[in-house]
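What follows is one structure encoded as structure tokens, with my remarks underneath.
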Number of protein chains: 2
Amino acid sequence: MPSLLILGAGAIGAFFGSALARQGMRVSAVCRSDYAAVKQSGFDIRSPLLGDHCFEPHEVFRAAEQAGREYDLVLLSTKVLEGVDRAELLKPVIGANTVIVLIQNGLDIEREVHAAFPRNELLSGVAFIAVSRAGAGRIHHQSAGSLTLGRYPEGLTPMAKDLAARFEASNVPCKLTQDIVQARWQKALWNATFNPISIMGGGLDTASILRTPEQRTWVRLAMTEIAQVAQAAGHPIAADMMDKLIEATLGMPAYKSSMALDFENGRPMEIEAIIGNVVRCAHHYQVPIPTLDSIYLVAKMIENKHRSERDKRSDAG
Amino acid sequence: MPSLLILGAGAIGAFFGSALARQGMRVSAVCRSDYAAVKQSGFDIRSPLLGDHCFEPHEVFRAAEQAGREYDLVLLSTKVLEGVDRAELLKPVIGANTVIVLIQNGLDIEREVHAAFPRNELLSGVAFIAVSRAGAGRIHHQSAGSLTLGRYPEGLTPMAKDLAARFEASNVPCKLTQDIVQARWQKALWNATFNPISIMGGGLDTASILRTPEQRTWVRLAMTEIAQVAQAAGHPIAADMMDKLIEATLGMPAYKSSMALDFENGRPMEIEAIIGNVVRCAHHYQVPIPTLDSIYLVAKMIENKHRSERDKRSDAG
């Protein structure tokens, strides 16, 4: 029975880990903040896809150092934040043959992990899901819930296919791709626009962002800049994708991006992973991105204020 | 003795009106919200320039209709807001020979008043002052306090010179200009950048906006776009002005723009007067302004959210 360790078992890790555990994988978890609750009674998962159930990991650890290097796979599902060295996090649990699976947000977030473990198979997953932690060990899956999976930097592997089959068997749609970087660029069109725009003005939902024709034109312009960067990086995006995304977003009930929710709840935001890496790639290829530059720089101003306020709160607490 | 009526006697109107009253003008005031307090005991003004004093207008009115058309001058000092028709406000008090004086924020804000009263002399004043209303009839002047004054659309008049002399005699520096539109463009460099940027993320001060070299470069870029629009409109701006303004702002203690204060206090914001008119002028002259477009559109998203929240509060109240 293949074994998998979830490193950073928050909402994403618990959701996808539970889906694999149901299909004959031995899934253990490293949980820092929710260790006591999960150790005692597992994860309480409410999900329209997986059903409401309790997921009890094979073993639960408080820290990666206690878990050892014996796993066939390690699933890294933390947020990608500045100042968090993911290679350091992984080091205690990666053996010579461990397959690393990233289910994380952002663009170009595989590079530093690949550089640190160049001989380990690296699978990269792009999740489309609204799932959050409702309390210690309590996971609330609101909607969507699918995955696009491939080998980084490209191609597919037997393990990728094996995982996809298990996800599908657990009712989680999993699309395999030979070009996961392309999939990340496609997701960046939405991600790198709606997320940072949503934190301006203290949490704007999709309807507020797309309210007027001028605003929709402007969001399309920002997306077009991303598509131009993607093109320069060798990942062309279909010309009608921008309009499709805007139409699709208008067709859904108004909602707040993950970054808006992080902002409102005083949590760190994945600004560098989600837009910073797109901006750096644009500068590398010398693609002009005046709209994205503006969005990124204002997001950084907001993040800095947000961080000072968080620091003040934790000083006071 | 020349007579003047302040229309919209808030902090700006009371401050500049009081300076004129001290130099032999008969100054009356229309005060809507603070009528009772001002009628009873005048304005209580705390000011490092004028000294702490009580300014009792010659007459106090609750509405313009009660004031009549007998004034030599009418000083309009309201905020310039969408949906507020300033020509309508002025109509009851403008006689054939009334000189209209605007001391208001924004660019191209004279046009609609000039169009409504084409035969009346129109003076336009650009104020550099931090002054606010601390309570009913209580005016708190924090810092600065100077005026640039000229005839709109250009030139000078004996009345402009007369007012400037009275201001100066009251310790309020007043610069006369033949080209008030140029003065408004110069002020727009700061105004149309720092104001709307400051409302993002719930109130950013000048230090937060200028924190990193990348942010300073970006603010300079936004200012440069404004300078290009000014140039297209026939009002060239000195090439070193952008750097001078950024240096000067960095040299002052961190502070929040008037728009940030309006935002934080749930008050309407002068977005159209301050940046919207710059954006429209750019579009008229077909000057590309990708940075300003972004700032403007995000400011509009924020304003819309801000307005819905204000409406909700007043529904509840």
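Every heavy atom of this structure was used, including side-chain atoms; hydrogens, water molecules and symmetry mates were not. Fair warning: this is a prediction, and the values are worked out from it, not measured in the lab. So that the names make sense, note that chain A is the first sequence line, chain B the second, and so on, each numbered from 1.
Only the backbone of B/S208 comes within contact range of chain A, judged by heavy atoms closer than 4.5 Å. For a residue to count as touching a neighbouring chain, one of its non-hydrogen atoms must lie under 4.5 Å from one of that chain's; by this rule B/I209 touches chain A with backbone and side chain alike.
Here the CE atom belonging to A/M200 is positioned 10.0 Å from the CG atom belonging to B/L204, to the nearest 0.5 angstrom. Rounded to the nearest 0.5 Å, atoms OG1 (A/T291) and CG (B/D293) are 8.0 Å apart. Taken to the nearest 0.5 Å, the CG atom of B/N304 stands 9.0 Å off from the OG1 atom of A/T212. Interatomic distance, A/K300 NZ to B/E214 CD, rounded to the nearest 0.5 Å: 9.5 Å. Distance check: A/M301 CE to B/W218 CH2 gives 4.5 Å after rounding to the nearest 0.5 Å.
Scanning residues 82-89 of chain B against chain A with a 4.5 Å non-hydrogen threshold yields no residues.
No more than 12 heavy-atom neighbours from other residues, nucleotides or ligands sit within 6.0 angstrom of CZ on B/R32. In the displayed structure, A/R307 atom CZ is contacted under 6.0 Å by more than 12 heavy atoms of other residues, nucleotides or ligands.
A donor-acceptor pair is defined here as one N or O able to donate and one able to accept, closer than 3.5 Å; such a pair exists between the side chain of B/K305 and the backbone of A/G203.
Chain A forms more heavy-atom pairs under 4.5 Å with one residue of B/L297, B/I302, B/I295 than with any other, namely B/L297.
Take A/T148 and apply the side-chain hydrogen bond (donor to acceptor under 3.5 Å, both in side chains) test, not counting sequence neighbours, and it matches no residue.
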